[in-house]
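Below, each value reflects all heavy atoms present in this structure, side chains not excepted, and no hydrogens, waters or symmetry copies. Naming: A, B, ... by sequence-line order, numbering from 1 per chain.
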Amino acid sequence: MTKTGKPGINRRTTLALMGAGAFTVASPWVARAQAKTIKIGMPTILSGRVAQLGTSSRNAVMLEVEKVNAAGGLAGRQIEMVVRDSKGQPQEAARIARELVNTDGCELLIDGEASSGSFAVHEVARDIGVLCIHTCSEASSLTADPKQHIPNAFRCVRQGIHDSIAGGSYAANIAKAKGLKKWATCSPDYAYGRDTTAEFVTYLKHFAPDVEIISETWPKLFQPDYTETVTKILQAKPQALYSALWGGDLTSYIDQANIYAMFTQMEVFAVNMADYTALTVVKNLPKGIHSGNRYIKTYPATAENAAWGDAYKAKYKEYPTNWSWQNATAVMFLSEAAKKANSTDGKKLAEVLTGLTIKCPFGADGTVTMRGEDRTLVGYAIGWGTTIPNEPYVPEVKSGDWKQIFALEAEWKKSKGYT
Amino acid sequence: MDLDALIGCLGSSACVVTQTTSGLIIGMLLFLVAVGLTLIFGVLKIVNFSHGAFYMFGAYFALTGYQLTGSFVVALLFGAIGAAIIGLIFERVFISRVYGRDVLMQLLVCYAFVLIFDDSVKLIWGAEFKSMGMPAAFQVPPWFIAGGVVPPFYILLISVALVVAALLGIGLARSRLGKVIRAAAHNPDMVSALGINTAMIYGSVFALGCALAGLAGALAAPVRSMTPGMGFSVLIESFIVTVIGGMGSILGALIGALLIGLIRSFGSLGFPLFTDGLMYLFMVIVLVARPTGLFGKDVA
């Protein structure tokens, strides 16, 4: 006898399906625990004036994720990146970060935001407890200030205070050798420009007490015309100039200062010059500008670093940026931590990441460390050199001394009341 | 405040020459953008909030022209003509539909196109910033006049802007087309009744205004980095210039732009943290003393 019934599904089946659906929606962690892939969320800046840096961050992450997936994934789980554009707005970065975890089911976060956005994402990580690695914010207080410490957040970025100590030491040696006592500064008028300049001047004077700042100019961020600041500096007749301008602002400044022959009249120290974003755009790059290293494939001068830079260029048809190596390093840390923990659980990964040292093409000695006390990156290649107009752009880089950086950083933290 | 630096500068011929030249450069580029804005307002009664985008187009077209030919003259033509063509299409297809409508409607249309134009540039030329570089002819040491530093490229820039100002002034005052434009500004219905194609006049004036902004962008291209959205800050200063000079006045735009340039140049010495504030303060003083601007009655 054949059993007959109404077409379609019956009421009992419908209730069962609804129940199963509701259970899955209400218990995403159950679905996640069983998923073969692991989603990693990444808020970053993909539009606006700094879109190039955000895009280069995403590119670097994807480059490394492909390697990890090809090698079997993160503790056996293939990584699926979910990258969203915050447009550089902190409130949008926070909203996206929360949504990536709560709605998209991301189990880890790589925070590719600039400083203002990073502090907002940090609060989200504090609130929902997701493992978060900051990859772009150089603001030292993000990890130096104990109020910011949470066990699930790490910073895989160079730091303003490290650059200032290395830069101050390098500049002081040049100042003493060439008798540069009268200095001027020209930096963008916002938190990064002011903080970085103040810290650089502090350490310049620490190493060369005779130095005097005779002129300061603070052009607005993204200001189109620098003529008045260029001529003001020329009037002051300093022997040396420090600038924390970056990106398009720095290239505009160089173009406009060039026609006043400014670079023949003083030594120029521009911390952000040695990044391909600026080096490849300036058409008449003056010889002899002193710069901190950001990302160049010739420093550290190792085959691993050169190969990484070439691989990135081959894939994306342009050179990586300072944000690229930091984001790539974050994926390297996650990969190594997952191997050691044999897990993708955020808490287990955080335990392993704390104090972890890994092999890395961007390390000063071939390794970098996630320092345990403040969960921040140390041991990366840091140095200063002078520019030439063509590749390799900065042929020789004088490495900073990490022992000196650690000693002065500790004093700085004490002076700020952080320790 | 550093009044000693300002007073010291005024006592030195070298400093006065350098800072005056600096003020003229800032002012003349602003003039080219602001005069297009004021011309369009004077004749079409449209406040073109998208005017900065044509400055941006001018810079990008100039970059393409320069990359293709290596000639800065061709680059300037690319910048001015490219911006004019886009301006003409924009006016005929979109702006002509909001003539006589309230300012809010004009603002919405213009703002929408600011975003569209910025994204178009991003699609065509890329989101990253670009630099044209200084043409070889101007890669020379600066001149020293009375001890002051004067780059030759800036002499060219000031000269081109002055020639444009003279041609515009004479053209509008003496030529037949200039007289028709002035008549259309005063009474478009009467001009139309006389058999003159006012739509063509409006399109031409809008295109001319955009060409001037494009020329400014092309002239600035060798010394300013290009990014999508670069027209915004120039637009704000151009509005300040037109408000000071008087909406619709070409002479007002020239004087306003030069005053803003000199305020920025000398203000950066005496009031380094208040240079922008000085500019706005000056605008407030002018508006309180003469609400129509310095030359507000001299409608083109």
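Here the closest heavy-atom approach between residue A/Gly292 and residue A/Ala274 is recorded as O-CB, 3.3 Å.
If you tally non-hydrogen atom pairs under 4.5 Å between each of A/Thr231, A/Ile254, A/Ile259, A/Thr227 and chain B, the highest count goes to A/Ile259. Top candidate by heavy-atom pairs under 4.5 Å with chain A, chosen from B/Ser265, B/Gly133, B/Cys15, B/Pro272, is B/Cys15. Ranked by heavy-atom pairs under 4.5 Å with chain A, the list B/Phe232, B/Phe138, B/Tyr154 is led by B/Tyr154. Of the listed residues (B/Ile26, B/Asp118, B/Thr275, B/Val150), the one with the most heavy-atom contacts under 4.5 Å to chain A is B/Ile26.
For B/Ser233, the part lying under 4.5 angstrom from a heavy atom of chain A is the side chain only. Contacts of B/Asp119 with chain A are absent, with no heavy-atom separation under 4.5 Å from either backbone or side chain. For chain B, the nearby part of A/Asn284 is the side chain; its heavy atoms alone come within less than 4.5 Å. Only the backbone of B/Pro222 comes within contact range of chain A, with heavy atoms under 4.5 Å apart. Heavy-atom distances place no part of B/Thr21 under 4.5 Å from chain A, backbone and side chain included. For chain B, no part of A/Thr217 is nearby; none of its heavy atoms comes within less than 4.5 Å. With a 4.5 Å cut-off on non-hydrogen atoms, B/Met226 does not touch chain A at all.
Relative orientation of the B/Phe239 and B/Phe49 rings is tilted, given thresholds of 30° and 60° on the angle between their planes.
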> Between A/Tyr319 and A/Ile296, does a side chain to side chain contact (heavy atoms under 4.5 Å, CB included) hold up when you go through it step by step?
Replying inline: CA-CA 9 Å; A/Tyr319 276 121; A/Ile296 47 171; over 6 Å; no
> Are B/Leu258 and B/Met28 close enough, and set up right, to give a side chain to side chain contact (heavy atoms under 4.5 Å, CB included), and what steps lead you there?
Replying inline: CA-CA 7 Å; B/Leu258 289 177; B/Met28 280 310 191; 4.2 Å; yes
> Are B/Ser238 and B/Leu30 close enough, and set up right, to give a side chain to side chain contact (heavy atoms under 4.5 Å, CB included), and what steps lead you there?
Replying inline: CA-CA 6 Å; B/Ser238 299; B/Leu30 267 181; 4.0 Å; yes
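A salt bridge links A/Arg194 and A/Asp189; the closest N-O separation between the charged side-chain nitrogens and carboxylate oxygens is under 4.0 Å.
Just one of A/Tyr295, A/Tyr316, A/Tyr312 meets the side-chain contact (heavy atoms from CB on, under 4.5 Å) condition when paired with A/Ser56; it is A/Tyr312.
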